[in-house]
Amino acid sequence: MFKEFVERVGWMNVVLLVLVLSIIVVSEMRFLQGEKLEAIFIGLWAPTILGFMNYLKYKK
């Protein structure tokens, strides 16, 4: 199943999606630890990376 997903979307997209998920997890951990501004700053990177992925997808 994972191999089919990788073949469909490509390795680079899988790496970027894992990066986005890890950013979300780190942001949530910071938020729950009480560092709210830092969590918001870190959390804003996830949609930025997803937007960059969309830009590269439609640029072709």
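Under the 4.5 Å side-chain heavy-atom criterion for Ile, Leu, Val, Met, Phe, Trp and Tyr, W45 and I24 are members of the same hydrophobic cluster. Under the 4.5 Å side-chain contact rule for hydrophobic residues, L32 and I23 do not share a cluster. V20 and I42 end up in the same hydrophobic cluster when Ile, Leu, Val, Met, Phe, Trp and Tyr side chains are linked at under 4.5 Å.
Atom CG of L50 sits about 8.5 Å away from atom CG of L16, to the nearest 0.5 Å. We find the NZ-CG distance between K57 and N13 to be 8.5 Å, quoted to the nearest 0.5 Å. Between the CZ atom in F52 and the OG1 atom in T48 there is a gap of 11.5 Å [rounded to 0.5 Å].
For V15, the side-chain contact (heavy atoms from CB on, under 4.5 Å) criterion is met by no residue, not counting sequence neighbours. Qualifying side-chain hydrogen bond (donor to acceptor under 3.5 Å, both in side chains) partners for E35, counting only residues two or more places apart in sequence or in other chains: R30. For I40, the side-chain contact (heavy atoms from CB on, under 4.5 Å) partners are L44, not counting sequence neighbours.
Heavy atoms only, all atoms of each residue included: A39 and S27 are closest at O-OG, 2.7 Å.
Sparse packing is recorded around CD of E4, with 12 or fewer heavy atoms of other residues, nucleotides or ligands lying under 6.0 Å away.
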With side-chain contact (heavy atoms from CB on, under 4.5 Å) as the criterion, how do F31 and V26 come out once you've worked through the C-alpha distance, each side chain's angles and the decisive distance to 0.1 Å?
CA-CA 9 Å; F31 189 83; V26 169; over 6 Å; no
Apply side-chain contact (heavy atoms from CB on, under 4.5 Å) to the pair K59 and Y55, showing each step before the final yes or no.
CA-CA 6 Å; K59 186 176 179 186; Y55 170 75; 3.7 Å; yes
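Cluster partners of L37 are absent, since no Ile, Leu, Val, Met, Phe, Trp or Tyr has side-chain heavy atoms less than 4.5 Å from it. Under a 4.5 Å side-chain heavy-atom criterion applied to ILVMFWY residues, the cluster that includes L21 comprises that residue alone. Residue M29 shares its hydrophobic cluster (ILVMFWY side chains chained together at separations under 4.5 Å) with V25.
Residue pairs satisfying the salt bridge (charged side-chain N to carboxylate O under 4.0 Å, His left out) criterion with at least one member in residues 6-22, sequence neighbours excluded, are absent. Residues in residues 14-29 take part in no salt bridge (charged side-chain N to carboxylate O under 4.0 Å, His left out) pair, two or more places apart or across chains.
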